[in-house]
Amino acid sequence: MGHGSSGRRPAPPASPAPPSAPAEAAAAESGGGLLRRAGRVWREIVKFGAVGGAGLLVNLLVFNLVRHVTDLPVVRASIIATVVSIVFNYIGFRYFTYRDRDKSGRTKELTLFLLFSAVGLVIENGVLYLATYGFGWDTPLQSNVFKFLGIGIATLFRFWSYRTWVFRALPVAEESGAPGGDRASGSREAADAESYLRAQPKRPEAKKQRSKAYR
């Protein structure tokens with residue numbers, strides 16, 4: 001019989017440690033943050049659609065009213081209706097859809113709003129102009145159809161530009177008062193510290209195992 005072996009079976013490999021509670025909490029908080037952001041975007045779209053839908057009705061009503069009571073060309077009547085709806089939309093967006101956004105720079109906000117609204121006006125009435133003078137589609141029904149189409153295309157541009165440049169979102173730390181950010185940071189630091197300690201070699205236990213092998 002050989003004396004070099006202790007006769008003991010080799011210990012099975014250690015199973016991986018289960019995820020720590022701080023790491024699970026951080027993962028859960030990250031998933032909850034994604035859901036909260038998705039919920040905020042969805043609510044924003046609904047509010048934007050509500051104001052935009054009301055603005056659409058104002059736009060079409062003024063457009064048809066001007067065409068009915070005046071002899072203005074169709075595109076000029078459309079521009080007047082668009083300007084009226086821009087004023088209506090600004091009030092709705094500022095005090096309903098984006099009432100919780102940054103209010104510190106009203107002059108800059110209004111300037112950017114008018115700038116992007118002017119671009120939307122060109123898109124909206126450019127579609128109507130092309131249909132009226134490019135293809136000769138100028139009956140009342142055709143004018144309303146292409147007016148509606150132009151509004152839809154311009155609305156996509158307005159939604160992107162308004163939420164990105166005009167009604168700027170407040171930083172997350174200011175919205176939540178920063179305690180949530182501190183908790184998340186603390187959870188990450190605790191998880192990192194625990195991972196570091198787990199990775200360190202357990203020297204006393206290794207010495208005990210070697211002493212038992214030589215007995």
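What you see is a predicted model, and the numbers here were worked out from it, not measured in a lab.
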> So if you build clusters from Ile, Leu, Val, Met, Phe, Trp, Tyr with side-chain heavy-atom gaps below 4.5 Å, do V166 and V83 land together?
Replying inline: yes
> How many angstroms lie between CG in L128 and CG in L149, if you round to the nearest 0.5 Å?
Replying inline: 10.0 Å
>> Is there a side-chain contact between S161 and F113 in this structure, where contact means two heavy atoms from C-beta onward sitting under 4.5 Å apart?
In response: no
> Are L112 and F159 linked, directly or through other ILVMFWY residues, by side chains that come within less than 4.5 angstrom of each other?
Replying inline: yes
> Step by step, would you call E124 with K147 a salt bridge (Lys or Arg N to Asp or Glu O under 4.0 Å)?
Replying inline: CA-CA 7 Å; E124 175 184 330; K147 172 74 171 174; 2.6 Å; yes
> In terms of side-chain heavy atoms, does T132 have a donor or acceptor partner in D138 at a distance below 3.5 Å?
Replying inline: no
> Got a sec, which residues hit ring pair (Phe, Tyr, Trp, His ring centres under 6.0 Å) with Y98, two or more places apart in sequence or on another chain?
Replying inline: F167
>> Whether the S117 and Y162 side chains hold a donor-acceptor pair (N or O, under 3.5 Å, no angle test) is what I'd like checked.
In response: yes
>> Applying a strict under-4.5 Å side-chain criterion to I, L, V, M, F, W and Y, I'd like to know whether V51 and I153 cluster together.
In response: yes
>> side-chain contact (heavy atoms from CB on, under 4.5 Å), that's the test. Do W42 and V46 meet it? Break it down for me.
In response: CA-CA 6 Å; W42 173 248; V46 171; 3.8 Å; yes
> Where does the angle between the aromatic ring planes of W165 and W160 fall among parallel (under 30°), tilted (30 to 60°) and perpendicular (over 60°)?
Replying inline: perpendicular
>> Side chains of V41 and R163, heavy atoms from C-beta outward: is any pair under 4.5 Å?
In response: yes
> For the residue pair W137 and F135, does the interplanar ring angle fall in the parallel (under 30°), tilted (30 to 60°) or perpendicular (over 60°) class?
Replying inline: parallel
>> Starting from Y90, can I reach V62 by hopping between I/L/V/M/F/W/Y residues whose side chains sit under 4.5 Å apart?
In response: no
> Linking I/L/V/M/F/W/Y whenever their side-chain heavy atoms sit closer than 4.5 Å, directly or via other members, would L110 and F116 fall into one cluster?
Replying inline: yes
